[in-house]
> 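Let me begin by handing over the structure; questions about it come next.
Everything numeric in this text was worked out from a predicted model, so none of it was measured. In what follows, every chain begins at residue 1, and chains take the letters A, B, ... in the order their sequences are listed.
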Protein chains: 2
Amino acid sequence: MIEGDASGESRRTARRGGASVTVSQVAHAAGVSPMTVSRVVNGDPRVSQATREKVDEVIRDLGYVPNPAARSLASGRQCRIGLLYSNPSASYLSEFLVGALAEAARHDAQIILEQCEAEADAAALVGQLRRHRLDAVLLPPPLCDDPQLVEALVGVGMAVAQVATGRPAEGAHTVCMDDEGAAAAMTARLIALGHRRIGFIGGDPRQASSQLRLTGYRRALAEAGIAMEAALETAGDYSYRSGLASCEALLDLAVPPTAIFAANDDMAAAAVAVTHRRGLDVPRDVSICGFDDTAIATTIWPELTTVRQPVAEMARMATQLLAGAIAGGAEERQAASDESVAFSLIARDSDGPPQRA
Amino acid sequence: MIEGDASGESRRTARRGGASVTVSQVAHAAGVSPMTVSRVVNGDPRVSQATREKVDEVIRDLGYVPNPAARSLASGRQCRIGLLYSNPSASYLSEFLVGALAEAARHDAQIILEQCEAEADAAALVGQLRRHRLDAVLLPPPLCDDPQLVEALVGVGMAVAQVATGRPAEGAHTVCMDDEGAAAAMTARLIALGHRRIGFIGGDPRQASSQLRLTGYRRALAEAGIAMEAALETAGDYSYRSGLASCEALLDLAVPPTAIFAANDDMAAAAVAVTHRRGLDVPRDVSICGFDDTAIATTIWPELTTVRQPVAEMARMATQLLAGAIAGGAEERQAASDESVAFSLIARDSDGPPQRA
DNA sequence: TTGTATGCGTTATCAG
DNA sequence: CTGATAACGCATACAA
């Protein structure tokens, strides 16, 4: 018995660098079977309070930590979550990653970054993902709005979470924010401030959020009884450069708007730049609002009034959904859940009442 | 025989969702032993060319992918790399993560994010890290400059990589960029443009890079035979807000500088904002340069001339170093390597020749 | 409530 | 160069 233990010990140490404590050692020290230790660790309810406390104590003393590799090998469940991204807007990706990684750590899941072009062949992509042994996929915009991709992924049995999508797909989990409501709220704020001519800089038409935000803008206008005007709705694509052009167009109008609402912060920042370039003041001459509350919103001057989109939180929830789906097995994967998070208006210094003409 | 196979098959399928191909199946199909398949997969040289080709073919046909959990359990080597961060500058973290995650995927390593305050107790932190079973730690600035932390980490046998540090520690891997050289090069560029009064906005004095960048600035001035002037060196802390104050001070000088070199992009962006606020033009009235080439550099107008610090590449190298160290075992961990990456000057629109007085 | 047997997919070790 | 065997650390299934 003793000899067996000793030889086992030396073998292990020979193989591995750090001597790690195992269930057996804990079990031995606590005077119970390895199985009981496993139950305690996994919170199995059918363990007497007494043994549980004793085992917990030994675990603390010995500093036992479960070996994730052994765990996933034995249980057969692993957790490799792919994060597909195509448009690496640094701040968005960063916040997304922070949320996803935090939650992944809790589930011992691995996040695997996978960059891919938006136009990539869905079938080829799926093959590539399988090669990485992914069980689930996190889809931030704009990929989450690609129906073919989502369908292909769900088709091969992967759990997929669409984050901030405007096109929820059958069988996929979704975590969304009410983009339309947020856009309406921001527009209403501008109206309450006294603005009547509010310009809108739209986002990439290929992303569902663009349409949602535009609709929210229009709805608020309608509710306030303000007539819409086509010239006040310019088409951007979420890029800074497009914001520049759109703002120029807006300010070139015979009767320029007193406020500009851009569908994201980058374009709003561009609008601020153009406005400054023309010798106008923000917000005195023109109020400017953004959307997303990314880093740029607080970096430029004046700081942008914007809509806060809790990206990290959304990524966290999506990851949790996926981890749960994988753990639950195929049957639970069917019952894809749709979560939604709340937006909030962040009032800063880029908007104010319109100037008296 | 057949029955045995069949029962094993059904059991496996019962446990796991996706039927994954195993070494045994590949071995069977190729008419060799599982061990040989393992050798082929791991590139063991002592396998005949013929068998290797045959096995490789079967692997492709069956779509075999090694199970990482089983692999690390059997080999005893795992790869859990912690990424400690305290100052979540979104863009830096994002780029860092992209690099680290990309390399981690290649080594089947897991990146575990761990936020911690800069003043945290090193001992407590180390305990926390052990609880996560980390084998190695990635240390971006400013944490990489905390000698106590690094020492504590190395002390408990963890492989640690200091990224962009100014204080390389004994036993730790380092991946650096020549901050001083880069700052000197940027300053020299400004001098070549014709500037003689160049203001400098320094970074957080607690981060080693700040001193390095300041030294580079001074060196270039000295080499050009331009007298240094204390009033032209202002103290920032890498934050946008500090850049605002420093730039105000610089422009309030009796004889303001014709160019301002900020130790990072955020402060440079702030300088641009202040300059605009005063009705001055960039770069006509004042040239402004940044450092790091973060997202903000290309988002504001005019786009910033800056130093590109290849953060993703540095994170990638650091991760590779760590993965190698873990795989190599304790002995190799001693031979910590110091890598360095090249910087580059990115000329954009925020600088130009000084205005003729 | 607790313990026993067994296997997860892979690799280390040693024998051929 | 190749194969048989025995772990790796844990969890499932079933027995007590």
> For the pair made of CG in B/Leu73 and P in C/dT10, what is the distance, rounded to whole Å?
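Nearest whole value for this atom pair: 12 Å.
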> Between OG of A/Ser72 and CZ of A/Arg80, what distance do you get to the nearest 0.5 Å?
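Between A/Ser72 OG and A/Arg80 CZ, I get 9.5 Å after rounding to 0.5 Å.
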> Tell me the interatomic distance from B/Gln25, atom CD, to C/dG9, atom C1', rounded to whole angstroms.
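Rounded to the whole Å, the gap is 11 Å.
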> Base, sugar-phosphate or nothing for B/Val41? Non-hydrogen atoms, less than 4.0 Å.
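No contact at all - B/Val41 keeps every heavy atom at 4.0 Å or more from the nucleic acid.
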> Nearest of C/dG9, C/dG3, C/dA12 to any side-chain atom of A/Thr36?
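Nucleotide nearest to A/Thr36's side chain: C/dG3.
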> Judged by each residue's nearest nucleotide on DNA chain D, which is more toward the 5′ side, B/Val32 or B/Ala70?
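Its nearest nucleotide lies further toward 5', so the answer is B/Val32.
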> Over how many whole Å does the gap from B/Arg39 atom CZ to D/dG3 atom C1' extend?
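Atom-to-atom, B/Arg39 to D/dG3, this comes out as 8 Å.
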> If the helix axis at each end comes from five base pairs, how far does the helix from C/dT1-D/dA16 to C/dG16-D/dC1 deviate from straight, to 10°?
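Computed angle between terminal axes is 30°.
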> Of the options D/dT2, D/dG9, C/dT2, whose atoms approach the side-chain atoms of A/Thr51 most closely?
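Nearest to the side-chain atoms of A/Thr51, counting from C-beta on, is C/dT2.
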> Above 12 or not: heavy atoms from other molecules or residues under 6.0 Å from CD of B/Glu313?
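More than 12 heavy atoms, drawn from other residues, nucleotides or ligands, come within 6.0 Å of this atom.
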> Do any N or O atoms from the side chain of A/Asp44 and from the backbone of A/Val40 form a donor-acceptor pair under 3.5 angstrom?
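No; judged by distance alone, with no hydrogens or angles, the pair does not exist.
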> Within this structure, what is the CG-to-P distance between B/Asn42 and C/dT13, rounded to whole angstrom?
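Rounding to the nearest Å, CG of B/Asn42 and P of C/dT13 are 14 Å apart.
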> Nearest 0.5 Å, please: how far is CG in B/Leu97 from CD in B/Glu95?
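Interatomic distance, B/Glu95 CD to B/Leu97 CG, rounded to 0.5 Å: 10.5 Å.
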> Between B/Arg60 and B/Glu57 (salt bridge meaning N to carboxylate O under 4.0 Å), is one present in this structure?
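Salt bridge flag = no for B/Glu57 with B/Arg60.
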> Does A/Ser33 have a side-chain nitrogen or oxygen under 4.0 Å from the phosphate oxygens OP1 or OP2 of C/dG3?
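Yes, such a contact exists.
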> Look at A/Arg71 and D/dA11 and indicate whether a side-chain polar atom (N or O) is within less than 4.0 Å of OP1 or OP2.
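A/Arg71 to D/dA11 OP1/OP2: side-chain N or O found under 4.0 Å.
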> Quick check on C/dC8: is either OP1 or OP2 less than 4.0 Å from any side-chain nitrogen or oxygen of B/Asn67?
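Result: no.
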> What is the distance from CZ of B/Arg80 to C1' of D/dG9, rounded to the nearest Å?
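It is 14 Å, rounded to the nearest whole Å.
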> Quick check on D/dA11: is either OP1 or OP2 less than 4.0 Å from any side-chain nitrogen or oxygen of A/Ser75?
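No.
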> Let's see if you get this right: which residues in residues 54-64 of chain A place a heavy atom under 4.0 Å from DNA chain C?
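Contacting residues: none.
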> Could you report the tightest heavy-atom contact between A/Leu125 and A/Leu149, atom names first, then the distance?
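Closest approach of A/Leu125 to A/Leu149, heavy atoms only: CD2-CD1, 3.6 Å.
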> Around B/Glu339, counting heavy atoms of other residues, nucleotides and ligands shown, do more than 12 lie under 6.0 Å from its CD?
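Atom CD in B/Glu339 is crowded, with more than 12 foreign heavy atoms closer than 6.0 Å.
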> For A/Met314 and A/Ala164, which heavy atoms make the closest approach, and how far apart are they?
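Heavy-atom minimum between the residues: CE-CB, 3.8 Å.
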> Identify which nucleotide among C/dC14, C/dT11, D/dC1 has an atom closest to any side-chain atom of B/Met35, counting heavy atoms from C-beta outward.
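Looking only at side-chain atoms, B/Met35 lies closest to C/dT11.
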> Can you see if the side chain of A/Ser38 gets near the phosphate of D/dC10 - specifically, an N or O under 4.0 Å from OP1 or OP2?
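No.
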> Identify whether any heavy atom of B/Pro66 sits under 4.0 Å from a base atom; if not, whether one sits that close to sugar-phosphate; answer base, sugar-phosphate or nothing.
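Sugar-phosphate only.
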> Rounded to the nearest angstrom, tell me the gap between atom CZ in B/Arg46 and atom C1' in D/dT2.
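The answer, rounded to whole Å, is 9 Å.
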> Indicate yes or no for a side-chain donor-acceptor contact from B/Ser75 to the backbone of B/Arg71 under 3.5 Å, with no hydrogens or angles considered.
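Yes: the side chain of B/Ser75 pairs with the backbone of B/Arg71.
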> How far does CG of B/Asp146 sit from CD of B/Gln162, to the nearest 0.5 angstrom?
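Nearest 0.5 Å value for the CG-CD distance: 10.0 Å.
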